[in-house]
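First the proteins, then the strands, lettered A, B, ... as listed; each starts at 1.
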There are 2 protein chains.
Amino acid sequence: MQPAWIYLKLKMIGESVPAPMPAVCDCTKMLDSETKAVELPEDHAEELRLWLRLLTCTTLIEGEVRGRLRQRFDVTLPRFDLMAQLDKAPDGMTLSDVSKRMMVSNGNVTGLVERLVESGHLDRRTSDTDRRVQVIRLTKLGRAEFRRMAAEHETWIADLFADLTPKDVRELMRLLAKTKASAQKSAGRRRA
Amino acid sequence: MQPAWIYLKLKMIGESVPAPMPAVCDCTKMLDSETKAVELPEDHAEELRLWLRLLTCTTLIEGEVRGRLRQRFDVTLPRFDLMAQLDKAPDGMTLSDVSKRMMVSNGNVTGLVERLVESGHLDRRTSDTDRRVQVIRLTKLGRAEFRRMAAEHETWIADLFADLTPKDVRELMRLLAKTKASAQKSAGRRRA
DNA sequence: GCCAATTATTTGAAGCCTAAAGAATTCGGC
DNA sequence: GCCGAATTCTTTAGGCTTCAAATAATTGGC
């Protein structure tokens, strides 16, 4: 079964090679009995390049933050991320909540929490009202350490984005919001 | 030692709480003998939000691509990435080259290559001119499989970015290029 | 109250990833 | 030629991550 977004091209046997397509193409699907369905070598190269650049930016910044967290505080990025989520939730969160927010698997959170409880940064207890649920919070130590790290972290981010003007930042925010919406829609289409 | 980008604020003992700062602030550093250096709760919140949104977009798309690669081709994203690098280099690449291009550690590449050689997708040989160097290439099988996957992969990306206009794409490319440059500069400052 | 479906979490296997240390090789000066 | 420095790659230890399957608790229908 062909996905809907694959464009088809009418191709007669013995037909000559088609001229290169323009970057943006609105060709419609065509089919008949003498037709061979051929996936166009249609130019989605721009989107591909965009994705690679997006990935490069993120990897670059993420690596930098990871390295600095390690150097300055001897903490990993996932641990920091988890603590950041909890810092915003004084009443604690369930593991599922954390998993959704961090966009990682449940099993991943289990291990992460385990290590942070072990080191005294997290407190974990079974919910009174639903014994399936584990509620986790930052301990006093955990909160103090996170606040200390977060303050410096914010300056790193500011520095990493230092060459962007406020207008650039606004514009990026807007376009990335649009990107996120588009990707979510596409992801939804797949699962549907 | 305070990093250069941390703004300082003059604070006299017993001074009243300052008014909240505007989002963009050009306050200069001030110091004297009666001064206590205080890190401003200066608003880098915009940059922080931008970073989180960038990360969200990437994670979202990456997860989607990972899942589809797995479902359709039973291949992991790192394997696909590595093959993509090699597809662009018919004469092969060294492990270091791959490592730099993929922005992952050397040791990581070693293992990745090992598994892909094992599965018959990669060919690996020691360089004639420098016996430290390992040159890897796609095998016939590897190239064929990659091309098959890449064609479909491109349609996924196109679909994920489908709601962006060509102008959006161009603008994002421009802003991300600027972001990348800014981050690289900042990373360089740290190592210097 | 009982049972099926759902939800929350854990476990296990495999793979990804990094930092740091180590081995082999080459290169640059002398 | 020789030695120290730099490079290329591998190894190791530990942690992160996913997926799939298993376990445990709750909920809703009857």
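To the nearest 0.5 Å, the span separating CE on B/Met149 from CZ on B/Arg79 amounts to 10.0 Å. A distance of 9.5 Å separates CD of A/Glu171 from OG1 of A/Thr165, quoted to the nearest 0.5 Å. If you take CG on A/Leu160 and CZ on B/Arg190, they are separated by 9.0 Å, rounding to the nearest 0.5 Å.
Distance A/Asp130 CG to D/dG28 P: 12 Å, rounded to the nearest Å. Distance CD (A/Glu62) to C1' (C/dC17): 11 Å, rounded to an integer number of Å. Summarising the geometry, the separation between CG on B/Asp128 and P on C/dT26 is reported as 12 Å, rounded to the nearest angstrom. Distance, A/Leu69 CG to C/dA19 P: 12 Å, rounded to whole Å.
For the OP1/OP2 pair of D/dA24 and a distance below 4.0 Å, the side-chain nitrogens and oxygens of A/Arg131 include no atom meeting the criterion. Proximity of A/Asn108 to the phosphate of D/dC16: no side-chain N or O atom is located under 4.0 Å from OP1 or OP2.
There is a side-chain donor-acceptor pair under 3.5 Å between B/Thr126 and B/Gln134. Defined by atom type and a distance below 3.5 Å, a donor-acceptor pair is present between the side-chain atoms of A/Thr129 and A/Ser127. A side-chain N or O of A/Asn106 and one of A/Ser99 form a donor-acceptor pair less than 3.5 Å apart.
Residues A/Phe73 and A/Phe80 place their aromatic rings such that the two centres sit no closer than 6.0 Å.
Between A/Arg70 and A/Gln134, the residue anchored closer to the 5' end of DNA chain C is A/Gln134, taking for each the nucleotide with the nearest heavy atom. Of the two residues contacting DNA chain D, namely A/Thr129 and A/Met103, the nearest-nucleotide position lying further toward the 5' end is that of A/Met103.
The main-chain N or O of A/Ser182 is never found under 3.5 Å from a side-chain atom of A/Ser186 such that the two would form a donor-acceptor pair.
Residue A/Ser105 places its side chain closer to D/dT18 than to any other of D/dT8, D/dT26, D/dT18.
B/Asn106 comes within contact range of at least one nucleobase, with a heavy-atom separation under 4.0 Å.
Taking the charged nitrogens against the carboxylate oxygens, B/Arg189 and A/Asp159 do have a contact shorter than 4.0 Å, which makes a salt bridge.
Of the residues in residues 71-101 of chain A, A/Thr94, A/Leu95, A/Ser96 come within less than 4.0 Å of DNA chain C through at least one heavy atom, sorted by number. Within residues 109-126 of chain A, the residues approached by DNA chain C to less than 4.0 Å at the level of any non-hydrogen atom are A/Thr110, A/Arg124, in residue-number order.
The base of C/dT25 sits within donor-acceptor range of the side chain of B/Arg132, with an N or O pair under 3.5 Å.
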